[in-house]
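To start, the structure itself, in structure tokens.
Just so it is clear, the values below take in all heavy atoms, side chains as well, and ignore hydrogens, waters and symmetry mates.
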Amino acid sequence: MHLTFHRFALPKAGNDANDYEDAMFPPLHAPMTRRMRRRSLARVAIADGATESSFARLWAELLVEGYGTGHLSPSKLEQDLPALQGEWLRQVSVRPLPWYAEEKVRDGAFSAWLGLEVRDLPRGGRWRAFAVGDSCVCQMRAGTLLASFPMDSAADFTSRPFLVGSQPQHNARVAQALRTVHGQWEDGDQFVLMTDALAAWFLAAHAAGEQPMQTLEGFTMTDGSDGFAAWVTELRAARQMRNDDTTLVRVVVTRDRTAPAA
């Protein structure tokens, strides 16, 4: 199969890129090599670090990288998370911090976390996704919304979703909070991964009979991120999108016609 990626990120209004606390895998500026583009299995992930927590961006980055590289499995969270939590604490501990920041470190960082796995098998294309929190993935086919996960309505979003914590004491219910879904894909299907503010706009627009996918398809990597940034800024100003770090990963999946499915 062949995967085409379009990735965009924008911090909250009034913040600069250093204040952005979401994360994605593959990383925003990672080149899409042939190895990443043509394969029988691919993993994509996004995470939405909670602004009020400590070193949320680092925790979000560790979560998406852990899943994307196969070192963190949603089916083995209780076994795999401690190593990731230890790495977060190690990286944070080497930084000189004022006393009040040390207090926040003890409480840890929190993040929503969403992953998508796409496979090309002899019996056809398969996909599965998992989520903790309120980032979303939508499967689109020829302009039709086939699946929306874990939310299927803008009304489903709340201000207090369950989040994955970097400190073990906050994760007693993480396995119960994790949700999963699976399905099939066909040639040309698109998967759109979005953090909560963008996902809420997308689902509200779709429910209103609009065509939000056409808008997102208008943003491509060759165009750069200026168009996406201007569009999000306009929606925020009109109060049609909440002012939050905004992340979009659009993946187009097509059959690799140069070789049979592996």
Side-chain angles (χ1 to χ4, degrees), residues 9 19-27 43-95 97 99-117 127-137 148-152 156-182 193-200 242 244-247 249:
D19 298 315
Y20 171 78
E21 292 175 313
D22 291 354
M24 66 177 75
F25 185 91
R43 294 189 181 98
V44 189
I46 59 174
D48 183 354
T51 300
E52 64 273 12
S53 62
S54 179
F55 295 99
R57 177 174 179 169
L58 172 61
W59 181 233
E61 289 173 345
L62 288 171
L63 286 171
V64 297
E65 182 180 6
Y67 173 72
T69 58
H71 293 97
L72 181 60
S73 169
S75 64
K76 299 189 301 177
L77 282 183
E78 293 180 349
Q79 299 97 309
D80 293 349
L81 267 178
L84 209 67
Q85 292 164 336
E87 178 60 19
W88 178 86
L89 187 59
R90 184 193 69 78
Q91 292 194 37
V92 170
S93 298
V94 299
R95 312 181 189 198
L97 299 173
W99 66 268
Y100 54 85
E102 291 180 351
E103 289 289 330
K104 291 196 70 175
V105 166
R106 277 190 277 273
D107 197 38
F110 297 86
S111 181
W113 181 40
L114 171 78
L116 169 70
E117 181 180 275
W127 66 270
R128 60 183 179 182
F130 72 89
V132 179
D134 53 6
S135 292
C136 291
V137 58
S148 176
F149 171 81
M151 312 297 191
D152 56 18
D156 294 337
F157 292 87
T158 70
S159 60
R160 302 291 295 180
F162 188 92
L163 304 176
V164 185
S166 65
Q167 294 286 28
Q169 67 268 24
H170 298 302
N171 285 330
R173 295 190 297 112
V174 68
Q176 291 81 5
L178 182 136
R179 298 177 60 186
T180 61
V181 69
H182 61 86
L193 289 74
M194 301 170 282
T195 48
D196 59 337
L198 180 58
R242 187 165 54 84
D244 194 7
D245 290 342
T246 303
T247 298
V249 180

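- In this structure, the side chains of Phe25 and Val249 stay at 4.5 Å or more apart for every pair of heavy atoms.
- Using modelled atom types, one finds no donor on one side chain facing an acceptor on the other under 3.5 Å when comparing Thr195 with Asp48.
- With hydrogens and angles ignored, the 3.5 Å screen pairs a side-chain donor or acceptor of Thr246 with a backbone N or O of Asp244.
- When side chains are defined from C-beta on, Arg242 counts as touching Asp196, because their heavy atoms get closer than 4.5 Å.
- Using a 4.5 Å cut-off on side-chain heavy atoms (C-beta onward), Asn171 and Gln85 make contact.
- Rounding to the nearest 0.5 Å places CZ of Arg57 at 12.0 Å from OG1 of Thr51.
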*For the pair Trp88 and Gln167, evaluate side chain to side chain contact (heavy atoms under 4.5 Å, CB included) and give the outcome as yes or no after the intermediate values.*
CA-CA 9 Å; Trp88 178 86; Gln167 294 286 28; 4.2 Å; yes
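- Remark: the backbone N or O of Glu21 is paired with a side-chain donor or acceptor of Asp245 at under 3.5 angstrom.
- Shown here for Phe130 and Thr180, the closest heavy-atom pair between the two residues is CB-CG2, 4.1 Å.
- In this structure the side chain of Val164 reaches within 4.5 angstrom of the side chain of Leu81, judged on heavy atoms.
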*After noting the C-alpha distance and the side-chain angles of Leu193 and Met24, does the key distance pass the side chain to side chain contact (heavy atoms under 4.5 Å, CB included) rule?*
CA-CA 9 Å; Leu193 289 74; Met24 66 177 75; over 6 Å; no
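- Residue Ala50 comes nearest to Ser53 through the heavy atom pair O-OG, 2.7 Å, listed as atom of the first residue, atom of the second, then distance.
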_Pair Trp113-Leu163, side chain to side chain contact (heavy atoms under 4.5 Å, CB included): steps then yes or no_ = CA-CA 8 Å; Trp113 181 40; Leu163 304 176; over 6 Å; no
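- Counting all heavy atoms, side chain and backbone alike, Ala23 lies closest to Tyr20 at N-OH, 4.0 Å.
- For residues 69-90, the salt bridge (charged side-chain N to carboxylate O under 4.0 Å, His left out) pairs, not counting sequence neighbours, are Glu87-Arg90.
- Using a distance-only test at 3.5 Å, with no hydrogens or angles considered, no donor-acceptor pair links the side chain of Trp59 to the main chain of Gly108.
- A distance-only check finds a donor-acceptor pair linking the side chain of Asp156 to the backbone of Asp152 [under 3.5 Å].
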*When you look at Leu84 and Leu63, which way does the side chain to side chain contact (heavy atoms under 4.5 Å, CB included) test go after all the steps?*
CA-CA 8 Å; Leu84 209 67; Leu63 286 171; 3.7 Å; yes
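- Between Val44 and Tyr67, the shortest heavy-atom distance links the atoms O-CE2, 3.6 Å.
- Across all non-hydrogen atoms, the minimal contact from Phe110 to Ala56 is O-CB, 4.2 Å.
- At a threshold of 4.5 Å between non-hydrogen side-chain atoms, the residues Asp134 and Leu114 do not count as touching.
- Atom-to-atom distance recorded for Leu116:CG and Arg43:CZ is 11.0 Å, nearest 0.5 angstrom.
- Here the OG atom belonging to Ser135 is positioned 7.0 Å from the CG atom belonging to Asp22, to the nearest 0.5 angstrom.
- Between Arg179 and Phe149, the shortest heavy-atom distance links the atoms O-CZ, 3.3 Å.
- Side-chain atoms of His170 never come within 3.5 Å of backbone atoms of Ala109 as a donor-acceptor pair (strictly under, hydrogens ignored).
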